[in-house]
Structures are given as structure tokens and as C-alpha cells.
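Letters go in sequence order (proteins before strands), and every chain restarts at 1. Values below: every heavy atom of this structure, side chains too, minus hydrogens, waters and symmetry copies.
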2 protein chains.
Amino acid sequence: MPKRPVPDATVARLPLYLRGLITAAEAGRPTVSSDELATASGVTSANVRKDLSFLETTGTRGIGYSVGSLTDEISAVLGLAGERPLVIVGIGNLGRALVTYDGFSRRGFVVTALLDVDPRKVGTTIGGLVIEDLADLETVVADRDVTIAVLATPAHAAQDVADRLVGVGVTAVLNFAPTHLDVPSHVTVRKVDVSSELQILSFYEQASKGRLATGA
Amino acid sequence: MPKRPVPDATVARLPLYLRGLITAAEAGRPTVSSDELATASGVTSANVRKDLSFLETTGTRGIGYSVGSLTDEISAVLGLAGERPLVIVGIGNLGRALVTYDGFSRRGFVVTALLDVDPRKVGTTIGGLVIEDLADLETVVADRDVTIAVLATPAHAAQDVADRLVGVGVTAVLNFAPTHLDVPSHVTVRKVDVSSELQILSFYEQASKGRLATGA
DNA sequence: CTTTGTGAAATCCTTCACAGCG
DNA sequence: CGCTGTGAAGGATTTCACAAAG
């Protein structure tokens, strides 16, 4: 669907544009300009246009981009057709919050299985799903054709769980554990590291009263 | 403390190195090589060395870097001395999980105030802290000298809350709400967007069976 | 012999600026 | 006139490769 290979930096912004497009659609707008998408996403309009130039959908000069067409194409490029089953491993505080997080379902991701190692949790229900035993990871993941996993285990368990997930066909991992995961090259890992983010914030906060940073 | 301005990309990796250093310290290692830090963080060793070259601490050829000195300097550069008070706004599923998240305290951040708009939540206690009324944001934040805020409100409330936070002196915001925040240039925002991350994963997963991506 | 520190090269990404279309 | 599409320029970041130090 894209005309040419889509750069990583562009891929990372497509979800932002999608959000802007959905807002525009809800407001009944038939088209949006690169400027509007830009302010909604916090990027420059030139960057938006460059990004969209990797797609097939083209805008109309003087008017902007068709909200419907762009939404459809970005969804297709991101592979958001149909429902994607998802397993969450590690049902602690964070895992529990993720189970009931509605941002998943709103974009076509369906939480299909929950796994935890704690026997007191196994068998209990949360958000309509039964927590299953981590020992059964292989059968659970394989049976339900899950290829996307959300890792919310403690750091020390993460690599082992990741290895097992990859072993039964998972190729995409969203890692909340504060540790680096070593995976084969056909597997994609994205990490969400709250503690790192805070430390980065801390840097810029202190830099703003003392001039140390390059950028922001 | 840094020799020259530290690039953004480097700043974003310093927390990873810090993690590797703490692990090394726990293992009793007096020094680490750039190679070890690299595999622990998922970057290349050349990149580690280039990053560390912006700091004052220098390694020893044939040996590596002193775990103690590097830890100290990275902590200092990131502004991690002393305890940093932090307010969490929006105590839903995610906010609740964040309150009890121990990754904050482990790096010197202290959750000092919780705010929510729901009268049924206000006055209740969670993790030893009383949830206070969002209406009192200004006094709560100002009285406690909070300059770092974690935003876990619904998207539609986020910009308004951010404006108010900035108005009373907050200069660093960690935004979990799926929306772009418009803030003055002296304020730093980092966002954590679970839904976007999943969509990015989805792209690479589908790309791996069809060749569309540039990178990974 | 191991590992750092770093210029130089290569790659990737963003911004500029403007021609051209509707 | 408004807004897209894009070459060209400019930055930023990463990788290479190797001299030098312990």
C-alpha cells in the first residue's frame, strides 16, 4: 500500500495522525490540511506532508486530505484490519490496569489471554478473563493464535518469558519490564519504561535552569 | 558536569546505562566495559562510548569504566540527587497502578499528591496517600513544591489540567493521556502512549511478512 | 592484548522554500 | 489564494575504523 518504504520515524507518527483523523471524523470534517494534522499531533506541517508522501493517498491542493481515505490507508498500512488477539503476561498492578485499558479495544486489539505465575491469582477473573497459569504459556498462546504479547512481569522474569513467547510464534512484544530483551531479528520489541521517562524529564528540568542540553 | 552539551539521543539512553551500572554494582563488579553496558542496554558499544564521551568520567583503556564514578556522574547529570516530589493527576486504573509502582521511589521520585475529579474517589486513601480534589490542584501543587506531574486523566481533560499545572510552576510532565499537549517552551513533556506503541508493533509485524519497512 | 576515545564517513531525519495544482 | 508535493539543504545520530593507552 505504501509507494515506497516507510521510514521508522514516519511509522512512529502514523498513529498520531490516525488519532487526529478520528477526531476530525467525529467532528464531521470531510478533509483536513497538513497544518491541522500537525497541530493535533505536535509536529510540523512539512513533516506531516513528507510523512504522508510515503503513502499512496494524495491530498488535494488548496483543500487538504480526505479524512476517510487517509484513515483507511493508515489503518491498512499499520495492519489494523480485523481483530488482533493479544496476551498479557504478568498481572500485577500494571498488568491489571492494562487488562481494563480501553485503548486496546478501540484500535482493534483484543485481550485474549492473561498469564501469571502466582497460584493465588491463577483461576481468578479480571475484566471477564480468567488468569491462567504461566506454566501453560505455550499451549495458551499457540491455541489462540496470539502473535502479540504485552510483558508486565518483573524484570528478572522478562527475558525467560520472552524466549518462551518467541518460541511459540509471538513476533511482537510490548515490554513494560525495565530490562532489555534479547530477541531474534524477526521479532519486534517496543518498550515502555516509565522510570526512564521520568529520569529524562528530570534531566531537562534541571538543564532548563543551567544550560546543558542541546535540544528542548 | 558534562564536558559538552549532551545530545537528546544520548540523554534518552543514560537511564539505560544507569540500570546496567546498578546491576553491575549489585554483582560486585568494580568496572564495566562499553561492550557490557551495550549488551545490557541493547545498543552498540561504539554508541555507548560516544555517549559517555559527553560526560567527564573517562574510562581506562584495557579495563573499562568505574562503576561507582559513572553511576555518580550519570545520576548527577540526570538531576537525580535528593528526592523529587511528584503529583499524579487522574486516579483511574492506570493512575492507581502508578501510585503503587515502585519504579518511582527506586530512582528518587516520591509520589506526594494524588488528584482526581471524581467525588467518590476524593478523600479515599491509596498507597498511604489521600486522593485530593482536582479543584484544589493549584494549592496542592504550590504548597508541596511539586514541579513534576504525571498525567493519567482521560484525553479530553488533559490539556486543561496541563495548563493549570504549568500555571503553578510544573515544568515536567509525563503524559499518559492519548492526546498532544500544548505547553510553553520551558516545559518538557514526555508521552507514554500504549495504544500508539501497539500500532507501531502491528506495522512491523505485518511488514515482516511482506517487505514494507526500512529499518527493523 | 584489551578496551577506550574520536575524527571521518555514512545514514537517517527534519526543515526550507517554492513551484505547481485546484 | 490555499495547500500539497518535493528537491535540496541542513542537522542530528550512528557506525566505522583505528591510533593510542594501560
message: Once salt bridge (Lys or Arg N to Asp or Glu O under 4.0 Å) is applied, do any residues pair with R190(A), and if so which ones, sequence neighbours excluded?
response: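 Expected list: E197(B).
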Find the distance [X]:[atom1] to [N]:[atom2] and express it as a whole number of Å.
X      : N       : atom1 : atom2 : result
E56(A) : dG5(D)  : CD    : P     : 13 Å
D8(A)  : dT13(D) : CG    : P     : 16 Å
R4(B)  : dG7(C)  : CZ    : P     : 8 Å

- prompt: Applying salt bridge (Lys or Arg N to Asp or Glu O under 4.0 Å), which residue pairs with at least one partner in residues 45-73 of chain A are found, sequence neighbours left out?
  reply: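 Every salt bridge (Lys or Arg N to Asp or Glu O under 4.0 Å) pair that includes a residue of residues 45-73 of chain A, provided the two are not neighbours, is R13(A)-D51(A).
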Return the polar atom pairs (N/O with N/O) between nucleotides 17-22 of chain D and the protein under 3.5 Å, or none.
residue : atom : partner : partner atom : Å
dA20(D) : N3   : R61(B)  : NH1          : 2.9

N or O in side chain of N47(A) less than 4.0 angstrom from dC13(C) OP1/OP2: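 No, no such contact exists.
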Contact check, side chains of [X] and [Y], non-hydrogen atoms, under 4.5 Å:
X       : Y       : answer
L165(A) : L137(A) : yes
R107(B) : I22(B)  : yes
F104(B) : I88(B)  : yes
L80(B)  : Q199(A) : yes
L151(B) : L181(B) : yes
V173(A) : T188(A) : no

Give me the residues of [range] where at least one heavy atom lies under 4.0 Å from an atom of DNA chain D, by number, or none.
range                     : value
residues 21-44 of chain A : S33(A), S34(A)
residues 64-73 of chain A : G64(A), Y65(A)
residues 9-18 of chain B  : A9(B), R13(B)

task: Using side-chain contact (heavy atoms from CB on, under 4.5 Å) as the criterion, point out the one residue from L37(B), T58(B), T31(B) that pairs with L70(B).
output: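 Checked L37(B), T58(B), T31(B) against L70(B); only one passes side-chain contact (heavy atoms from CB on, under 4.5 Å): L37(B).
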task: Hey, which sits more toward the 5' end of DNA chain C by its nearest nucleotide, D51(A) or T57(B)?
output: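 Its nearest nucleotide lies further toward 5', so the answer is T57(B).
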Distance alone, cut at 3.5 Å: any donor-acceptor contact between the side chains of [X] and [Y]?
X       : Y       : result
R106(B) : S195(A) : no
S33(A)  : E36(A)  : yes
S53(A)  : R4(A)   : yes

task: Report yes or no: does T60(A) contribute a side-chain atom to a donor-acceptor pair with the main-chain N or O of I63(A) at less than 3.5 Å?
output: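 Checking the backbone N and O of I63(A) against the side chain of T60(A), no donor-acceptor pair under 3.5 Å is found.
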